[in-house]
Amino acid sequence: MKSIGIIPVRMESTRLPQKPLRMICGLPMIHHVIKRAQMCGSLADLYVATDSEKIAELSDQAGCKFIMTKPSHKTGTDRVCEAIQHIQADIIVNIQGDEALLRPEHIDASIECLIDNKDIGVAMLGVKFEKLNSPSDIKIVLNKSQEIMYFSRNDIPANPTTEKYSMLKAYHLVSFRRNMLEKFASWERTPLEKIEVVEYLRILEKGHKIACKIVDSSAISVDTLEDLKTVSKLMKRDNLINLYKHTL
């Protein structure tokens with residue numbers, strides 16, 4: 001089975017304008033994501049999907065192919081759907097452009113989760129998470145079959161006590177079988193998806209399953225200036241950056 005990675009990137013962000021260009025340890029964020037994804041041996045190819053000429057230029061600098069897409073997409077997954085129209089692949093990994101601390105072995109884990117669950121069309125990773133009242137972080141709950149039951153920007157499950165407890169957060173590295181991704185593109189946005197502003201709820205609302213694998217990761221999606229500061233501090237102690245920072 002051929003697996004490819006696609007990094008959907010848009011320049012504008014309501015919470016953090018010009019987000020892909022924000023510098024982390026001397027490199028724009030998009031370069032970190034590209035270089036780390038390029039280390040994954042499970043991917044037969046890697047593309048950036050964008051509507052920005054500047055992002056296309058940075059992708060080329062990093063030795064990554066790019067696909068120009070429409071500017072009207074509401075979600076990153078919709079942008080990935082457009083990008084694969086002329087690409088042959090069995091599994092498409094949606095690698096979010098704001099996961100600057102991405103680990104290549106986690107791309108492997110996402111693909112393996114989908115392969116291990118032959119009757120499921122989507123697989124996502126999750127990480128343990130303890131920060132309360134953080135709407136920029138999407139929380140998940142699982143059933144006993146390690147399938148995602150729901151996504152929310154609120155804290156779930158709700159904790160009626162004052163005791164500290166661990167939640168699970170969605171790690172935005174999502175593997176799709178091609179036919180499921182094409183179905184996703186054909187569906188209208190769903191009610192819960194609109195309320196939570198989480199596109200993956202569209203899949204659950206349509207009655208399909210999402211497999212999940214829990215991994216140990218400090219990865220943080222950069223959605224706010226606070227996130228950017230945190231990731232910059234973590235990057236200074238990261239063991240991958242030295243493998244690519246002098247290649248750009």
Colleague: Does the side chain to side chain contact (heavy atoms under 4.5 Å, CB included) test come out yes or no for Y47 and C64, once each step is laid out?
Modeller: CA-CA 6 Å; Y47 302 82; C64 184; 5.6 Å; no
Colleague: Do the charged groups of D45 and K65 touch, with an N to O distance under 4.0 Å?
Modeller: yes
Colleague: Step by step, would you call I140 with L168 a side chain to side chain contact (heavy atoms under 4.5 Å, CB included)?
Modeller: CA-CA 6 Å; I140 57 176; L168 291 174; 3.7 Å; yes
Colleague: Under 3.5 Å, is there a donor-acceptor pair linking the side chains of S136 and T224?
Modeller: no
Colleague: Between K183 and I203, does the side chain to side chain contact (heavy atoms under 4.5 Å, CB included) criterion hold? Intermediate values first, please.
Modeller: CA-CA 9 Å; K183 285 180 181 178; I203 299 165; over 6 Å; no
Colleague: Carefully, step by step, assess Q96 and S221 under the rule side chain to side chain donor-acceptor pair (under 3.5 Å).
Modeller: CA-CA 8 Å; Q96 296 286 13; S221 299; over 6 Å; no
Colleague: For V222 and M29: C-alpha separation, side-chain torsions, deciding distance, then whether side chain to side chain contact (heavy atoms under 4.5 Å, CB included) applies.
Modeller: CA-CA 9 Å; V222 179; M29 180 162 58; 3.7 Å; yes
Colleague: Go through S3 and S42 one step at a time and tell me if the side chain to side chain donor-acceptor pair (under 3.5 Å) criterion holds.
Modeller: CA-CA 7 Å; S3 299; S42 297; over 6 Å; no
Colleague: Does a side-chain heavy-atom distance below 4.5 Å link K245 with C25?
Modeller: no
Colleague: Under the side-chain contact (heavy atoms from CB on, under 4.5 Å) rule, collect the residues that match up with M39, sequence neighbours excluded.
Modeller: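 In terms of side-chain contact (heavy atoms from CB on, under 4.5 Å), with neighbours along the sequence ignored, M39 is linked to P104, L240, L243, Y244.
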Colleague: Do R202 and D78 sit within salt-bridge range, that is, some charged N less than 4.0 Å from a carboxylate O?
Modeller: yes
Colleague: Between E188 and K74, is there a side-chain N and carboxylate O pair less than 4.0 Å apart?
Modeller: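 No, no charged N to carboxylate O under 4.0 Å.
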Colleague: Can you check whether D98 reaches D223 side chain to side chain, under 4.5 Å on heavy atoms?
Modeller: yes
Colleague: Mind telling me whether Y200 and F151 have parallel, tilted or perpendicular rings, with 30° and 60° as the class edges?
Modeller: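 Aromatic pair F151/Y200 classed tilted.
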Colleague: Quick one: do the R103 and N239 side chains pair a donor with an acceptor below 3.5 Å?
Modeller: yes
Colleague: Is the shortest side-chain N to carboxylate O distance from K233 to D238 below 4.0 Å?
Modeller: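 The answer is no: the pair does not qualify as a salt bridge.
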Colleague: Between D119 and R177, does at least one N-O distance fall below 4.0 Å, as a salt bridge requires?
Modeller: no
Colleague: If we only count heavy atoms from C-beta on, is the D137 to M167 side-chain gap below 4.5 Å?
Modeller: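 With C-beta onward as the side chain, the pair stays apart.
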Colleague: Distance alone, cut at 3.5 Å: any donor-acceptor contact between the side chains of T69 and D51?
Modeller: no
Colleague: Less than 4.5 Å apart, side chain to side chain, heavy atoms only: is that true for S52 and V9?
Modeller: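 No. Closest side-chain heavy atoms not under 4.5 Å.
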Colleague: Are L225 and R22 close enough that some pair of their side-chain heavy atoms sits under 4.5 Å apart?
Modeller: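 Sidechains of R22 and L225: in contact.
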